[in-house]
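Heads up, the thing below is written out as structure tokens.
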Protein chains: 2
Amino acid sequence: MATMRDVARRAGVSAKTVSRVFNRDPHVSPVTKERVETALRELSYTPTTLATTFRSGRAPVLGVAVPDIADPFFGALAKAVESLAAVQRMSVVMTSLGEDPMREPAIVQSLLRQSLSGLVIAPIAADQSYLDVWAARTQLVFVDRRAAGIVADSFTEDDHAGARAATRHLVEHGHVRIGFLGDSTAIPTSRGRLVGYRAALLDAGIEYDESLVVLGALDRASAAAAFSALERLDQPPTAIFASNARVTMSLVPVLRAHRQLAVAGFGDFPMADMLEPSVTVIDQDPTALGTLAAQRILDRMAHPQRRYRRHTVLPVQLVERASCLPGG
Amino acid sequence: MATMRDVARRAGVSAKTVSRVFNRDPHVSPVTKERVETALRELSYTPTTLATTFRSGRAPVLGVAVPDIADPFFGALAKAVESLAAVQRMSVVMTSLGEDPMREPAIVQSLLRQSLSGLVIAPIAADQSYLDVWAARTQLVFVDRRAAGIVADSFTEDDHAGARAATRHLVEHGHVRIGFLGDSTAIPTSRGRLVGYRAALLDAGIEYDESLVVLGALDRASAAAAFSALERLDQPPTAIFASNARVTMSLVPVLRAHRQLAVAGFGDFPMADMLEPSVTVIDQDPTALGTLAAQRILDRMAHPQRRYRRHTVLPVQLVERASCLPGG
DNA sequence: GGATTTGTTGACACCGGTGTCATACGGGCA
DNA sequence: TGCCCGTATGACACCGGTGTCAACAAATCC
């Protein structure tokens with residue numbers, strides 16, 4: 001790989017002049033420009049971003065840290081970030097945080113050591129105060145979940161209103177015994193949705209029954225186990241609110257076995273409309289989350305002094321399908 | 001952010017000594033070591049990978065370039081690469097190549113300018129000769145599709161055998177008029193599958209009918225259009241082979257409207273087993289592809305002189321579900 | 001014609017961790 | 001005392017693109 005100094009030697013000029021020609025600096029005489037351009041072509045010069053990055057101390061790279069990059073929700077989010085980054089000729093490094101909250105700091109910090117321009121993070125740990133020292137160097141934007149232990153921008157969906165709307169929808173279809181199936185209330189998102197669920201029950205004058213709340217539904221096996229726990233109750237639920245798309249998807253086999261069961265889930269997923277019954281969901285918009293988060297990073301880089309809204313909560317929408325229709 | 005020289009000044013030693021302490025070099029006296037460690041702690045020194053990367057000329061980063069990172073197939077592939085990279089304390093930069101083959105070189109080269117250690121690429125263009133000059137600096141491994149115009153490692157799935165098995169499966173269920181629905185034969189993968197489809201017909205003594213092959217099924221609308229073209233034939237197909245998961249998923253609404261239609265698709269997808277009818281597919285293993293590709297990059301970095309198998313074709317497996325059962 | 005401006009070009013330093021080599025010092029041995 | 005060797009430590013350069021500033025020539029102005 002030829003460097004600028006190689007090109008300079010060949011063209012009989014200084015490296016700086018090559019730099020000027022390469023960056024279309026007008027202060028170069030046509031003759032010199034011609035000579036340099038020939039040398040550039042002959043050596044097929046390709047710049048390394050490494051040197052510029054090192055000098056500026058900031059890589060033209062945005063980071064994306066999410067629980068699982070293979071999850072369609074986060075995949076769409078990452079794709080949106082990447083689209084905006086591409087416009088600014090930036091790259092995207094991504095990392096999956098996995099399941100273990102303890103590992104989050106190590107994983108995220110190894111990303112940050114690369115002097116990213118910005119980081120979009122959907123955290124899994126209960127505390128992000130470890131990010132405090134990095135905030136001065138890197139634009140941090142939280143998505144899906146707010147930051148804890150540190151002040152930072154966030155873009156989240158309206159968990160409370162969404163869960164409330166979904167639950168109300170079930171109530172309006174005549175259900176009184178409504179189960180809540182979730183993963184873990186350690187995650188703020190789930191907690192918010194549980195609160196929304198309770199609010200809807202309160203609205204309808206239905207008493208909250210803790211035994212209807214079952215957590216730990218992470219895959220098909222655990223979802224089935226969680227459901228059979230509900231089924232064994234004296235008054236088993238006739239409807240279920242699933243607190244996220246993964247739970248809903250895990251629950252699909254159960255739905256096929258219990259056709260009379262009504263379901264509404266938080267988070268749309270591929271093929272939800274093609275199942276029988278098609279599944280009523282609260283539609284989230286990962287693309288919007290990713291786009292807004294990336295845009296905020298770019299805005300803050302361009303206008304550091306400007307003031308921004310700290311927390312943005314995106315409205316969510318009920319997508320009514322067949323899974324809570326009477327007899328559905 | 002404190003640099004090594006900051007720490008050195010505070011500890012009253014040279015930067016090199018700080019470097020030695022930080023890297024656990026045994027040639028440091030206990031007294032000095034203690035002083036330096038105190039200074040490190042007091043300034044909460046965090047190294048930048050930028051300097052080391054710049055000096056070594058190689059970033060501890062693997063690239064992943066795929067058509068669409070939001071596609072579950074490529075998401076799983078990227079996740080597998082990331083898992084292996086993490087073990088070596090490497091990061092992963094990813095990029096979506098999109099739909100336009102013309103843009104592939106520019107997108108990929110902007111990744112490569114970052115002096116990646118390796119690149120896993122599932123290309124969309126018909127020619128990758130532009131990567132020739134990069135191969136000396138960066139380990140290139142192709143996945144899902146082989147390289148064209150350049151010699152490079154590849155890990156692909158057995159398109160021919162998979163398509164042949166799926167088509168044979170349909171034949172065995174009594175179908176003679178079998179449609180082929182694909183995206184574009186410009187993509188080698190699709191071409192290989194079309195050849196496999198024809199081979200299965202030949203095996204069964206069924207004459208190949210070009211009017212049964214329809215391309216351009218990219219989303220639900222175009223898939224529906226493609227299907228209605230088939231439907232208008234004198235002898236419309238009674239079964240369809242869909243050449244990839246996206247096509248199959250786009251075709252699902254059609255299946256619901258035409259319950260007598262048998263389908264087999266190349267590539268599994270979430271919920272395929274929960275649809276009615278559940279969809280018979282050729283199961284690909286994106287995690288295996290990603291793991292093997294990343295492993296090859298790491299192997300080649302560790303043992304540059306060793307010889308490796310250029311092309312690895314992974315076997316695929318028929319997952320029989322309900323979509324080709326009689327009357328299904 | 002001398003002073004000032006405008007335009008072209010290059011020397012040099014910088015970013016920060018680290019490989020290379022030199023230096024200094026202490027101990028062992030002839 | 002002189003020599004050698006091993007250990008501890010530091011000076012310096014390097015990676016490569018580019019910002020800063022100076023040098024110099026040509027053009028313009030009074």
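First the proteins, then the strands, lettered A, B, ... as listed; each starts at 1.
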key: Pair A:Asp68 + B:Lys79: basic N to acidic O under 4.0 Å   = yes
inquiry  = Just the rounded figure in Å: distance from P of C:dT20 to CG of B:Asp25.
reply    = 13 Å
request  = Figure out the CZ/P separation between B:Arg55 and C:dT18, and round it to whole Å.
outcome  = 9 Å
request  = Round to a whole Å and report the spacing from CZ of B:Phe54 to C1' of D:dT18.
outcome  = 11 Å
inquiry  = Going by side-chain contact (heavy atoms from CB on, under 4.5 Å), name the residues that satisfy it together with A:Arg41, two or more places apart in sequence or in a different chain.
reply    = A:Glu34, A:Glu37, A:Thr38
inquiry  = On the nucleotide C:dG7, are OP1 or OP2 found under 4.0 Å from the side-chain N or O atoms that A:Ser29 carries?
reply    = no
request  = In whole angstrom, give the distance that lies between atom CG of B:Leu50 and atom P of C:dG17.
outcome  = 10 Å
query = Should A:Asp153 and A:Arg310 count as an ion pair when the cut-off is N to O under 4.0 Å?
reply = yes
task = Return yes if some donor-acceptor pair links the side-chain N/O of A:Gln128 with the main-chain N/O of A:Gly149 below 3.5 Å, else return no.
result = no
task = Using atom NE2 of B:His27 as one end and atom C1' of D:dG10 as the other, report the distance to the nearest whole Å.
result = 15 Å
request  = With sequence neighbours excluded, give me every ring-ring contact (aromatic ring centres under 6.0 Å, His included) pair touching residues 28-56 of chain A.
outcome  = A:Phe22-A:Tyr45, A:Phe54-B:Phe54
query = When the distance from CD of B:Gln114 to P of D:dC15 is rounded to whole Å, what number comes out?
reply = 22 Å
ask   = Contact class for B:Thr32 (heavy atom, under 4.0 Å): base, sugar-phosphate, or nothing?
value = sugar-phosphate
request  = Would you confirm whether B:Thr291, through its side chain, and B:Thr287, through its main-chain N or O, come within 3.5 Å as a donor-acceptor pair?
outcome  = yes
message = Rounding to an integer number of Å, can you tell me how far B:Glu34 CD sits from D:dA8 C1'?
response = 17 Å
query = Got a sec? Which of residues 3-23 of chain B come in under 4.0 Å of DNA chain C, heavy atoms?
reply = B:Thr3, B:Met4, B:Arg5, B:Lys16, B:Ser19, B:Asn23
